[in-house]
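Throughout, a chain's letter reflects where its sequence line sits, starting with A, and its residues are numbered from 1.
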2 protein chains.
Amino acid sequence: MSRRIKLVVAYDGTDFRGWAAQTGHRTVQSTLIEAVRQVSGEDCEITGASRTDSGAHALGQVCHFDLEAAIPAERWPAALNRALPRDIRVRSAAEVDSAFHSRFCARDRSYRYRILQNESDPFRGRFAHREPRPLDVDRMRASATLLIGLHDFIAFTAELSPDVGNTMRTLRSVGVSRVRDEVRIDVVGTAFLRGMMRRIAGALLEVGRDRRKPESLRALLVGGLNPDTQPVVLPAHGLTLMRVRYGRHPVDNRANNETASDEA
Amino acid sequence: MSRRIKLVVAYDGTDFRGWAAQTGHRTVQSTLIEAVRQVSGEDCEITGASRTDSGAHALGQVCHFDLEAAIPAERWPAALNRALPRDIRVRSAAEVDSAFHSRFCARDRSYRYRILQNESDPFRGRFAHREPRPLDVDRMRASATLLIGLHDFIAFTAELSPDVGNTMRTLRSVGVSRVRDEVRIDVVGTAFLRGMMRRIAGALLEVGRDRRKPESLRALLVGGLNPDTQPVVLPAHGLTLMRVRYGRHPVDNRANNETASDEA
(Lines give C-alpha, C1' and ligand atoms only; values in the text may rest on other atoms or scores of the structure.)
Protein backbone atom coordinates (compact mmCIF):
# COMPACT_ATOMS: atom_id res chain seq x y z
CA MET A 1 0.00 0.00 0.00
CA SER A 2 1.60 3.23 -1.06
CA ARG A 3 0.95 6.51 0.73
CA ARG A 4 0.37 9.86 -0.89
CA ILE A 5 2.25 12.78 0.68
CA LYS A 6 1.37 16.41 0.04
CA LEU A 7 4.08 19.04 0.59
CA VAL A 8 3.97 22.81 0.84
CA VAL A 9 7.27 24.08 -0.54
CA ALA A 10 8.98 27.48 -0.67
CA TYR A 11 11.90 28.32 -2.94
CA ASP A 12 14.14 31.11 -4.10
CA GLY A 13 13.91 30.46 -7.84
CA THR A 14 17.03 32.44 -8.79
CA ASP A 15 19.28 29.45 -9.35
CA PHE A 16 16.65 27.02 -10.65
CA ARG A 17 15.67 26.48 -14.26
CA GLY A 18 12.03 26.60 -13.16
CA TRP A 19 9.90 23.91 -11.58
CA ALA A 20 9.73 21.23 -14.27
CA ALA A 21 12.52 18.66 -14.53
CA GLN A 22 14.74 19.09 -17.61
CA THR A 23 17.76 16.95 -18.37
CA GLY A 24 20.99 18.74 -17.59
CA HIS A 25 19.36 21.56 -15.62
CA ARG A 26 18.86 22.23 -11.92
CA THR A 27 15.11 22.40 -11.40
CA VAL A 28 12.92 22.45 -8.29
CA GLN A 29 11.12 19.25 -9.24
CA SER A 30 14.28 17.22 -9.84
CA THR A 31 15.92 18.60 -6.67
CA LEU A 32 12.88 17.49 -4.64
CA ILE A 33 12.84 14.03 -6.27
CA GLU A 34 16.51 13.59 -5.36
CA ALA A 35 15.86 14.68 -1.75
CA VAL A 36 12.96 12.22 -1.40
CA ARG A 37 15.24 9.50 -2.76
CA GLN A 38 17.93 10.38 -0.22
CA VAL A 39 15.46 10.29 2.67
CA SER A 40 13.48 7.17 1.68
CA GLY A 41 15.70 5.29 -0.74
CA GLU A 42 12.75 5.27 -3.18
CA ASP A 43 12.41 6.85 -6.59
CA CYS A 44 9.16 8.76 -7.02
CA GLU A 45 7.39 11.13 -9.34
CA ILE A 46 6.48 14.51 -7.94
CA THR A 47 3.58 16.53 -9.33
CA GLY A 48 3.31 20.24 -8.59
CA ALA A 49 0.30 22.53 -8.59
CA SER A 50 2.11 25.05 -10.78
CA ARG A 51 4.94 24.82 -13.31
CA THR A 52 6.68 28.01 -12.23
CA ASP A 53 9.01 29.58 -14.78
CA SER A 54 12.78 29.75 -14.66
CA GLY A 55 13.68 32.34 -12.01
CA ALA A 56 10.19 32.63 -10.44
CA HIS A 57 9.85 32.02 -6.70
CA ALA A 58 7.37 30.25 -4.46
CA LEU A 59 6.23 30.76 -0.92
CA GLY A 60 3.45 28.17 -1.08
CA GLN A 61 3.93 25.76 -3.99
CA VAL A 62 2.05 22.49 -3.39
CA CYS A 63 3.13 19.10 -4.71
CA HIS A 64 2.47 15.43 -4.03
CA PHE A 65 4.13 12.05 -4.47
CA ASP A 66 3.43 8.39 -3.70
CA LEU A 67 5.79 6.23 -1.69
CA GLU A 68 5.94 2.79 -0.06
CA ALA A 69 8.12 3.93 2.84
CA ALA A 70 6.21 4.15 6.15
CA ILE A 71 7.63 7.52 7.15
CA PRO A 72 5.11 9.53 9.21
CA ALA A 73 4.10 12.79 7.50
CA GLU A 74 5.29 14.94 10.39
CA ARG A 75 8.84 13.65 9.90
CA TRP A 76 9.06 14.71 6.25
CA PRO A 77 9.76 18.48 6.59
CA ALA A 78 12.83 18.14 8.83
CA ALA A 79 14.14 15.10 6.94
CA LEU A 80 13.77 16.74 3.52
CA ASN A 81 15.15 20.09 4.70
CA ARG A 82 18.34 18.33 5.82
CA ALA A 83 18.68 16.80 2.34
CA LEU A 84 17.72 19.93 0.38
CA PRO A 85 19.88 22.93 -0.57
CA ARG A 86 19.18 26.16 1.28
CA ASP A 87 17.20 27.76 -1.57
CA ILE A 88 14.39 25.24 -1.32
CA ARG A 89 12.50 24.51 1.90
CA VAL A 90 9.63 22.23 2.84
CA ARG A 91 7.20 24.17 5.00
CA SER A 92 4.76 21.36 5.84
CA ALA A 93 3.76 17.82 4.91
CA ALA A 94 0.58 15.79 5.26
CA GLU A 95 -0.56 12.32 4.28
CA VAL A 96 -3.53 12.71 1.93
CA ASP A 97 -6.16 10.56 0.29
CA SER A 98 -5.11 8.99 -3.01
CA ALA A 99 -7.87 11.06 -4.67
CA PHE A 100 -5.93 14.23 -3.86
CA HIS A 101 -4.02 15.68 -6.81
CA SER A 102 -1.99 18.87 -6.28
CA ARG A 103 -2.69 20.15 -9.81
CA PHE A 104 -6.17 18.88 -10.69
CA CYS A 105 -7.76 19.47 -7.26
CA ALA A 106 -6.46 23.01 -6.84
CA ARG A 107 -9.29 25.51 -6.46
CA ASP A 108 -7.18 28.56 -7.15
CA ARG A 109 -3.66 29.95 -7.18
CA SER A 110 -2.42 33.26 -5.74
CA TYR A 111 0.53 35.01 -7.35
CA ARG A 112 2.32 38.19 -6.40
CA TYR A 113 4.36 40.33 -8.78
CA ARG A 114 6.67 42.74 -6.96
CA ILE A 115 7.88 46.01 -8.50
CA LEU A 116 10.72 47.66 -6.60
CA GLN A 117 10.86 51.45 -6.82
CA ASN A 118 14.22 51.70 -5.15
CA GLU A 119 17.50 51.83 -7.01
CA SER A 120 19.75 51.31 -4.01
CA ASP A 121 18.62 48.01 -2.46
CA PRO A 122 20.58 45.01 -3.81
CA PHE A 123 18.88 42.43 -1.58
CA ARG A 124 15.37 42.52 -3.04
CA GLY A 125 16.66 42.64 -6.62
CA ARG A 126 16.33 38.85 -6.83
CA PHE A 127 12.69 38.95 -5.80
CA ALA A 128 11.32 42.06 -7.46
CA HIS A 129 11.47 43.83 -10.81
CA ARG A 130 13.09 47.23 -10.60
CA GLU A 131 11.18 50.24 -11.95
CA PRO A 132 12.41 53.54 -10.51
CA ARG A 133 10.06 55.77 -12.55
CA PRO A 134 6.84 56.91 -10.84
CA LEU A 135 3.80 54.64 -11.03
CA ASP A 136 0.21 55.79 -10.66
CA VAL A 137 -1.11 53.05 -8.39
CA ASP A 138 -4.71 54.33 -8.38
CA ARG A 139 -4.76 54.16 -12.15
CA MET A 140 -3.31 50.63 -12.06
CA ARG A 141 -5.91 49.55 -9.52
CA ALA A 142 -8.81 50.89 -11.56
CA SER A 143 -7.51 49.08 -14.62
CA ALA A 144 -6.90 45.83 -12.72
CA THR A 145 -10.58 45.39 -11.84
CA LEU A 146 -11.36 45.02 -15.56
CA LEU A 147 -9.52 41.68 -15.51
CA ILE A 148 -11.68 40.08 -12.82
CA GLY A 149 -14.01 37.30 -13.94
CA LEU A 150 -14.03 34.74 -16.77
CA HIS A 151 -12.21 36.02 -19.85
CA ASP A 152 -10.17 34.88 -22.81
CA PHE A 153 -6.59 35.63 -21.72
CA ILE A 154 -4.97 34.69 -25.04
CA ALA A 155 -3.49 38.20 -25.33
CA PHE A 156 -1.68 37.57 -22.05
CA THR A 157 -0.01 34.29 -22.90
CA ALA A 158 3.53 33.76 -24.11
CA GLU A 159 2.49 30.96 -26.43
CA LEU A 160 1.90 32.11 -29.98
CA SER A 161 1.34 28.59 -31.32
CA PRO A 162 -2.19 27.70 -32.42
CA ASP A 163 -2.27 24.59 -30.17
CA VAL A 164 -2.36 26.63 -26.96
CA GLY A 165 -5.80 25.12 -26.17
CA ASN A 166 -8.53 26.70 -24.11
CA THR A 167 -7.41 30.18 -23.11
CA MET A 168 -10.45 31.03 -20.97
CA ARG A 169 -9.49 31.62 -17.33
CA THR A 170 -11.23 33.02 -14.27
CA LEU A 171 -9.55 35.62 -12.10
CA ARG A 172 -11.15 36.00 -8.67
CA SER A 173 -9.27 39.15 -7.64
CA VAL A 174 -6.57 41.49 -8.95
CA GLY A 175 -5.14 43.85 -6.33
CA VAL A 176 -2.54 46.59 -6.65
CA SER A 177 -1.00 48.04 -3.52
CA ARG A 178 1.96 50.17 -2.55
CA VAL A 179 3.98 49.02 0.47
CA ARG A 180 6.70 51.59 1.13
CA ASP A 181 9.01 51.46 -1.91
CA GLU A 182 7.29 48.45 -3.50
CA VAL A 183 4.25 48.10 -5.74
CA ARG A 184 2.61 44.68 -5.42
CA ILE A 185 0.26 43.09 -7.88
CA ASP A 186 -1.70 40.27 -6.23
CA VAL A 187 -3.78 38.04 -8.46
CA VAL A 188 -5.97 35.08 -7.47
CA GLY A 189 -7.21 32.88 -10.30
CA THR A 190 -8.32 29.33 -11.03
CA ALA A 191 -5.22 28.76 -13.14
CA PHE A 192 -2.84 30.74 -15.31
CA LEU A 193 -1.61 30.40 -18.87
CA ARG A 194 2.10 30.41 -19.56
CA GLY A 195 3.44 33.96 -19.09
CA MET A 196 -0.04 35.25 -18.17
CA MET A 197 0.81 36.62 -14.73
CA ARG A 198 3.92 38.38 -16.05
CA ARG A 199 1.96 39.99 -18.90
CA ILE A 200 -0.80 41.10 -16.51
CA ALA A 201 1.95 42.78 -14.47
CA GLY A 202 3.39 44.21 -17.70
CA ALA A 203 0.03 45.65 -18.79
CA LEU A 204 -0.56 47.21 -15.36
CA LEU A 205 2.97 48.65 -15.30
CA GLU A 206 2.29 50.28 -18.69
CA VAL A 207 -0.97 51.69 -17.30
CA GLY A 208 0.84 52.95 -14.20
CA ARG A 209 3.42 54.74 -16.34
CA ASP A 210 0.71 56.27 -18.54
CA ARG A 211 1.92 54.32 -21.56
CA ARG A 212 -1.37 52.48 -21.89
CA LYS A 213 -4.98 53.55 -21.28
CA PRO A 214 -6.66 51.79 -18.34
CA GLU A 215 -9.66 50.88 -20.53
CA SER A 216 -7.37 49.25 -23.11
CA LEU A 217 -7.31 46.12 -20.95
CA ARG A 218 -10.96 45.54 -21.83
CA ALA A 219 -10.06 45.51 -25.53
CA LEU A 220 -7.21 43.06 -24.87
CA LEU A 221 -9.67 40.59 -23.35
CA VAL A 222 -11.86 40.51 -26.44
CA GLY A 223 -9.36 41.25 -29.18
CA GLY A 224 -7.67 37.86 -29.43
CA LEU A 225 -3.95 37.67 -30.04
CA ASN A 226 -2.42 40.76 -31.61
CA PRO A 227 1.34 41.19 -31.29
CA ASP A 228 1.01 44.96 -31.80
CA THR A 229 -1.04 45.51 -28.66
CA GLN A 230 0.14 42.58 -26.53
CA PRO A 231 1.40 43.73 -23.12
CA VAL A 232 5.11 43.47 -22.36
CA VAL A 233 6.14 40.41 -20.36
CA LEU A 234 8.00 41.36 -17.16
CA PRO A 235 10.94 39.26 -15.97
CA ALA A 236 10.24 36.07 -14.00
CA HIS A 237 12.30 37.02 -10.95
CA GLY A 238 9.59 39.49 -9.85
CA LEU A 239 7.03 36.69 -9.59
CA THR A 240 6.18 34.58 -6.52
CA LEU A 241 3.58 31.80 -6.25
CA MET A 242 2.09 32.71 -2.87
CA ARG A 243 -0.51 30.01 -2.23
CA VAL A 244 -2.53 27.20 -3.76
CA ARG A 245 -5.98 26.65 -2.28
CA TYR A 246 -7.92 23.40 -2.14
CA GLY A 247 -11.52 22.75 -1.20
CA ARG A 248 -12.47 20.85 1.92
CA HIS A 249 -13.32 17.82 -0.24
CA PRO A 250 -10.88 16.92 -2.99
CA VAL A 251 -12.47 17.63 -6.34
CA ASP A 252 -10.82 16.44 -9.51
CA ASN A 253 -10.91 19.25 -12.06
CA ARG A 254 -9.28 17.14 -14.79
CA ALA A 255 -12.35 17.35 -17.00
CA ASN A 256 -12.44 21.12 -16.54
CA ASN A 257 -9.88 22.31 -19.02
CA GLU A 258 -9.55 25.62 -17.24
CA THR A 259 -7.62 24.31 -14.26
CA ALA A 260 -5.88 21.44 -15.97
CA SER A 261 -2.57 23.24 -16.05
CA ASP A 262 -0.96 26.23 -14.45
CA GLU A 263 2.18 27.74 -15.82
CA ALA A 264 1.84 31.32 -14.55
CA MET B 1 42.98 68.23 -11.73
CA SER B 2 41.48 64.92 -10.76
CA ARG B 3 38.53 64.64 -8.41
CA ARG B 4 38.14 62.10 -5.63
CA ILE B 5 34.71 60.46 -5.40
CA LYS B 6 33.49 58.59 -2.35
CA LEU B 7 30.75 55.98 -2.81
CA VAL B 8 28.52 54.14 -0.35
CA VAL B 9 27.79 50.76 -1.89
CA ALA B 10 25.45 47.85 -1.01
CA TYR B 11 25.76 44.36 -2.43
CA ASP B 12 24.36 40.87 -2.24
CA GLY B 13 27.66 38.99 -2.01
CA THR B 14 26.27 35.58 -3.03
CA ASP B 15 27.59 35.62 -6.56
CA PHE B 16 30.79 37.58 -5.95
CA ARG B 17 34.19 36.16 -5.09
CA GLY B 18 34.48 38.80 -2.38
CA TRP B 19 35.46 42.44 -2.65
CA ALA B 20 39.04 42.28 -3.89
CA ALA B 21 39.72 41.97 -7.62
CA GLN B 22 41.12 38.58 -8.65
CA THR B 23 41.88 37.59 -12.21
CA GLY B 24 39.22 35.33 -13.64
CA HIS B 25 36.71 35.93 -10.86
CA ARG B 26 33.66 38.16 -10.52
CA THR B 27 34.41 40.48 -7.61
CA VAL B 28 32.72 43.63 -6.30
CA GLN B 29 35.81 45.76 -6.83
CA SER B 30 36.33 44.74 -10.46
CA THR B 31 32.61 45.08 -11.22
CA LEU B 32 32.67 48.64 -9.86
CA ILE B 33 35.82 49.52 -11.82
CA GLU B 34 34.15 48.30 -15.00
CA ALA B 35 30.99 50.34 -14.27
CA VAL B 36 33.05 53.51 -13.66
CA ARG B 37 34.81 52.87 -16.97
CA GLN B 38 31.48 52.50 -18.76
CA VAL B 39 30.15 55.74 -17.29
CA SER B 40 33.26 57.90 -17.64
CA GLY B 41 35.43 56.17 -20.22
CA GLU B 42 38.27 56.29 -17.69
CA ASP B 43 40.15 53.47 -16.01
CA CYS B 44 40.52 53.96 -12.28
CA GLU B 45 41.60 52.19 -9.13
CA ILE B 46 38.95 51.74 -6.45
CA THR B 47 39.90 51.38 -2.82
CA GLY B 48 37.38 49.96 -0.35
CA ALA B 49 37.12 50.40 3.42
CA SER B 50 36.82 46.65 3.89
CA ARG B 51 37.94 43.61 1.91
CA THR B 52 34.78 41.59 2.49
CA ASP B 53 35.08 37.83 2.03
CA SER B 54 33.65 35.73 -0.76
CA GLY B 55 29.89 35.48 -0.13
CA ALA B 56 29.71 38.23 2.51
CA HIS B 57 27.29 41.12 1.92
CA ALA B 58 27.36 44.87 2.43
CA LEU B 59 24.75 47.46 3.18
CA GLY B 60 27.22 50.30 3.66
CA GLN B 61 30.62 49.52 2.14
CA VAL B 62 32.56 52.72 1.41
CA CYS B 63 35.07 53.14 -1.39
CA HIS B 64 36.79 55.93 -3.31
CA PHE B 65 38.43 56.59 -6.65
CA ASP B 66 40.09 59.44 -8.55
CA LEU B 67 38.95 60.58 -11.97
CA GLU B 68 39.52 63.37 -14.47
CA ALA B 69 35.95 63.40 -15.75
CA ALA B 70 33.91 66.40 -14.58
CA ILE B 71 30.82 64.41 -13.62
CA PRO B 72 28.99 66.02 -10.68
CA ALA B 73 28.84 63.71 -7.63
CA GLU B 74 25.03 63.71 -7.53
CA ARG B 75 24.95 62.13 -11.00
CA TRP B 76 27.10 59.12 -10.04
CA PRO B 77 24.54 56.92 -8.21
CA ALA B 78 21.98 56.80 -11.05
CA ALA B 79 24.66 56.53 -13.75
CA LEU B 80 26.52 53.70 -12.01
CA ASN B 81 23.32 51.85 -11.08
CA ARG B 82 22.37 51.75 -14.75
CA ALA B 83 25.74 50.19 -15.57
CA LEU B 84 25.85 47.79 -12.60
CA PRO B 85 24.22 44.36 -12.25
CA ARG B 86 21.27 44.14 -9.88
CA ASP B 87 23.23 42.59 -7.01
CA ILE B 88 25.38 45.67 -6.50
CA ARG B 89 23.95 49.15 -5.91
CA VAL B 90 25.42 52.57 -5.29
CA ARG B 91 23.50 54.25 -2.46
CA SER B 92 25.21 57.63 -2.50
CA ALA B 93 28.19 59.53 -3.86
CA ALA B 94 30.08 62.62 -2.78
CA GLU B 95 33.13 64.53 -3.99
CA VAL B 96 35.70 64.49 -1.20
CA ASP B 97 39.01 66.09 -0.36
CA SER B 98 42.06 64.31 -1.75
CA ALA B 99 43.10 63.65 1.88
CA PHE B 100 40.10 61.34 2.31
CA HIS B 101 40.93 57.64 2.13
CA SER B 102 38.11 55.11 2.56
CA ARG B 103 40.34 52.60 4.33
CA PHE B 104 42.87 54.67 6.28
CA CYS B 105 40.46 57.37 7.44
CA ALA B 106 37.75 55.00 8.65
CA ARG B 107 37.04 55.45 12.35
CA ASP B 108 35.19 52.17 12.76
CA ARG B 109 33.28 49.45 10.96
CA SER B 110 29.95 47.86 11.96
CA TYR B 111 29.26 44.26 11.01
CA ARG B 112 26.18 42.11 11.56
CA TYR B 113 26.16 38.33 11.64
CA ARG B 114 22.65 36.88 11.19
CA ILE B 115 21.65 33.45 12.52
CA LEU B 116 18.35 32.18 11.17
CA GLN B 117 16.38 29.91 13.49
CA ASN B 118 13.82 28.96 10.89
CA GLU B 119 14.05 25.91 8.69
CA SER B 120 11.30 26.82 6.27
CA ASP B 121 12.31 30.22 4.85
CA PRO B 122 14.33 29.93 1.60
CA PHE B 123 14.62 33.68 1.02
CA ARG B 124 16.87 34.64 3.92
CA GLY B 125 19.13 31.59 3.45
CA ARG B 126 21.48 33.72 1.33
CA PHE B 127 21.85 36.32 4.03
CA ALA B 128 21.87 34.34 7.26
CA HIS B 129 23.42 31.20 8.70
CA ARG B 130 20.83 28.58 9.58
CA GLU B 131 20.86 27.15 13.12
CA PRO B 132 17.52 25.59 14.08
CA ARG B 133 18.64 24.40 17.54
CA PRO B 134 17.81 26.64 20.52
CA LEU B 135 20.23 29.43 21.42
CA ASP B 136 20.50 31.04 24.85
CA VAL B 137 20.70 34.69 23.83
CA ASP B 138 21.18 35.99 27.40
CA ARG B 139 24.19 33.73 27.78
CA MET B 140 25.57 34.91 24.43
CA ARG B 141 25.08 38.54 25.41
CA ALA B 142 26.89 38.12 28.73
CA SER B 143 29.79 36.47 26.95
CA ALA B 144 29.90 39.10 24.20
CA THR B 145 30.68 41.93 26.63
CA LEU B 146 34.00 40.23 27.43
CA LEU B 147 35.20 41.07 23.91
CA ILE B 148 34.70 44.83 24.21
CA GLY B 149 37.86 46.93 24.36
CA LEU B 150 41.44 46.57 23.10
CA HIS B 151 42.52 42.91 22.91
CA ASP B 152 44.75 40.55 21.00
CA PHE B 153 42.31 38.83 18.62
CA ILE B 154 44.84 36.37 17.18
CA ALA B 155 42.64 33.44 18.31
CA PHE B 156 39.86 34.85 16.13
CA THR B 157 41.75 35.18 12.88
CA ALA B 158 41.78 32.76 9.97
CA GLU B 159 45.45 33.43 9.25
CA LEU B 160 47.76 30.92 10.87
CA SER B 161 50.87 32.34 9.20
CA PRO B 162 53.39 34.11 11.46
CA ASP B 163 53.33 37.27 9.29
CA VAL B 164 49.81 38.20 10.27
CA GLY B 165 51.19 41.40 11.86
CA ASN B 166 49.64 43.31 14.70
CA THR B 167 46.61 41.39 15.95
CA MET B 168 45.50 43.97 18.54
CA ARG B 169 42.09 45.38 17.73
CA THR B 170 39.54 47.53 19.57
CA LEU B 171 35.89 46.55 19.67
CA ARG B 172 33.59 49.38 20.70
CA SER B 173 30.46 47.27 21.15
CA VAL B 174 29.27 43.68 20.72
CA GLY B 175 25.51 43.24 20.82
CA VAL B 176 23.39 40.09 20.60
CA SER B 177 19.67 40.41 19.98
CA ARG B 178 16.77 38.22 18.95
CA VAL B 179 14.40 39.63 16.31
CA ARG B 180 11.60 37.11 15.80
CA ASP B 181 13.24 33.99 14.32
CA GLU B 182 16.67 35.60 13.90
CA VAL B 183 19.58 36.08 16.28
CA ARG B 184 21.76 39.05 15.32
CA ILE B 185 25.32 39.67 16.42
CA ASP B 186 26.25 43.32 15.91
CA VAL B 187 29.86 44.31 16.36
CA VAL B 188 31.45 47.74 16.02
CA GLY B 189 35.23 47.85 15.92
CA THR B 190 38.12 49.96 14.62
CA ALA B 191 39.03 47.21 12.14
CA PHE B 192 38.81 43.45 11.86
CA LEU B 193 41.32 40.71 11.16
CA ARG B 194 40.60 38.21 8.41
CA GLY B 195 37.85 35.83 9.56
CA MET B 196 37.59 37.63 12.93
CA MET B 197 33.92 38.57 12.73
CA ARG B 198 32.94 35.05 11.63
CA ARG B 199 34.90 33.48 14.51
CA ILE B 200 33.37 35.91 17.02
CA ALA B 201 29.97 34.75 15.74
CA GLY B 202 31.18 31.14 15.93
CA ALA B 203 32.36 31.53 19.54
CA LEU B 204 29.07 33.17 20.56
CA LEU B 205 27.05 30.46 18.78
CA GLU B 206 28.99 27.83 20.74
CA VAL B 207 28.24 29.74 23.95
CA GLY B 208 24.56 30.00 23.00
CA ARG B 209 24.38 26.23 22.43
CA ASP B 210 26.13 25.54 25.75
CA ARG B 211 29.11 24.04 23.95
CA ARG B 212 31.47 26.65 25.34
CA LYS B 213 31.60 28.47 28.68
CA PRO B 214 30.89 32.22 28.48
CA GLU B 215 34.05 32.98 30.46
CA SER B 216 36.17 30.98 28.02
CA LEU B 217 36.23 34.00 25.71
CA ARG B 218 38.41 35.79 28.24
CA ALA B 219 40.97 32.98 27.98
CA LEU B 220 40.87 33.15 24.17
CA LEU B 221 41.87 36.82 24.28
CA VAL B 222 45.02 36.15 26.29
CA GLY B 223 45.90 32.62 25.19
CA GLY B 224 47.36 33.36 21.78
CA LEU B 225 46.69 31.04 18.91
CA ASN B 226 45.71 27.51 19.91
CA PRO B 227 43.97 25.40 17.26
CA ASP B 228 42.40 23.21 19.97
CA THR B 229 40.37 26.02 21.50
CA GLN B 230 39.96 28.28 18.46
CA PRO B 231 36.29 29.10 17.82
CA VAL B 232 34.62 27.65 14.74
CA VAL B 233 34.40 30.01 11.74
CA LEU B 234 30.81 30.49 10.56
CA PRO B 235 30.06 30.74 6.82
CA ALA B 236 30.53 34.12 5.09
CA HIS B 237 26.97 34.37 3.75
CA GLY B 238 25.68 35.22 7.26
CA LEU B 239 27.87 38.33 7.39
CA THR B 240 26.96 41.87 6.34
CA LEU B 241 29.13 45.00 6.51
CA MET B 242 26.54 47.46 7.81
CA ARG B 243 28.40 50.76 8.01
CA VAL B 244 31.77 52.48 7.94
CA ARG B 245 32.10 55.61 10.02
CA TYR B 246 34.41 58.55 9.43
CA GLY B 247 35.25 61.49 11.64
CA ARG B 248 34.25 65.00 10.78
CA HIS B 249 37.82 65.76 9.79
CA PRO B 250 39.61 63.19 7.66
CA VAL B 251 42.34 61.59 9.74
CA ASP B 252 44.87 59.33 8.12
CA ASN B 253 45.34 56.26 10.29
CA ARG B 254 48.01 54.79 8.06
CA ALA B 255 50.60 55.00 10.80
CA ASN B 256 48.22 53.31 13.21
CA ASN B 257 48.62 49.67 12.34
CA GLU B 258 45.33 48.80 13.98
CA THR B 259 43.12 50.29 11.30
CA ALA B 260 45.43 49.83 8.35
CA SER B 261 43.41 46.94 6.98
CA ASP B 262 40.01 45.42 7.46
CA GLU B 263 39.21 41.98 6.20
CA ALA B 264 36.38 41.03 8.58
Side-chain angles (χ1 to χ4, degrees), chain A residues 7-16 28 31-32 35 52 55-61 74-93 112 114 116-133 181 235-238 240-242, chain B residues 7-16 28 31-32 35 52 55-61 74-93 112 114-133 181 235 237-238 240-242:
Chain A
L7 301 178
V8 179
V9 176
Y11 45 88
D12 171 349
T14 311
D15 297 332
F16 291 104
V28 180
T31 306
L32 279 168
T52 53
H57 316 285
L59 195 62
Q61 167 78 293
E74 62 272 23
R75 297 263 297 277
W76 277 107
L80 285 173
N81 283 334
R82 271 192 297 273
L84 286 165
R86 71 181 192 215
D87 50 359
I88 166 164
R89 299 282 96 195
V90 173
R91 294 176 57 197
S92 66
R112 170 171 291 171
R114 296 168 65 183
L116 183 59
Q117 302 220 274
N118 174 331
E119 276 293 270
S120 64
D121 181 329
F123 305 113
R124 279 177 293 167
R126 294 183 187 276
F127 308 114
H129 171 59
R130 231 178 265 281
E131 174 50 74
R133 291 166 293 194
D181 54 3
H237 71 263
T240 303
L241 170 60
M242 301 298 284
Chain B
L7 302 178
V8 179
V9 176
Y11 45 88
D12 172 349
T14 310
D15 298 332
F16 291 104
V28 180
T31 306
L32 279 168
T52 54
H57 316 286
L59 195 62
Q61 167 76 292
E74 62 272 23
R75 297 263 296 280
W76 277 107
L80 285 173
N81 283 334
R82 271 192 296 276
L84 285 165
R86 71 180 192 217
D87 49 358
I88 165 164
R89 299 281 97 194
V90 173
R91 295 176 57 197
S92 65
R112 170 171 291 172
R114 295 168 66 184
I115 300 171
L116 183 59
Q117 303 220 275
N118 175 331
E119 276 293 271
S120 64
D121 181 329
F123 305 113
R124 278 177 293 166
R126 295 183 187 276
F127 308 115
H129 172 58
R130 232 179 262 283
E131 174 52 74
R133 291 166 293 194
D181 54 3
H237 71 264
T240 304
L241 170 61
M242 302 297 284

Notebook entry, point to check: Counting heavy-atom pairs under 4.5 Å to chain A, which of B/T14, B/V8, B/L84 comes out on top?
Noted result: B/T14
Item checked: Options B/I88, B/V90, B/D15, ranked by heavy-atom pairs under 4.5 Å with chain A, top entry -> B/D15
Holding to side chain to side chain donor-acceptor pair (under 3.5 Å), I want the full list of residues that pass it with [X], two or more places apart in sequence or in another chain.
X     : value
A/R91 : none
B/R86 : A/H237
A/D87 : A/R26

Checklist line | Residue part contacting chain A, namely of B/A58, when any heavy atom lies under 4.5 Å | finding: backbone
Note to self: Suppose a student defines contact as a heavy atom less than 4.5 Å from any heavy atom of chain A. Which residues in residues 116-126 of chain B would they list?
What the structure shows: B/E119, B/S120, B/D121, B/P122, B/F123, B/G125, B/R126
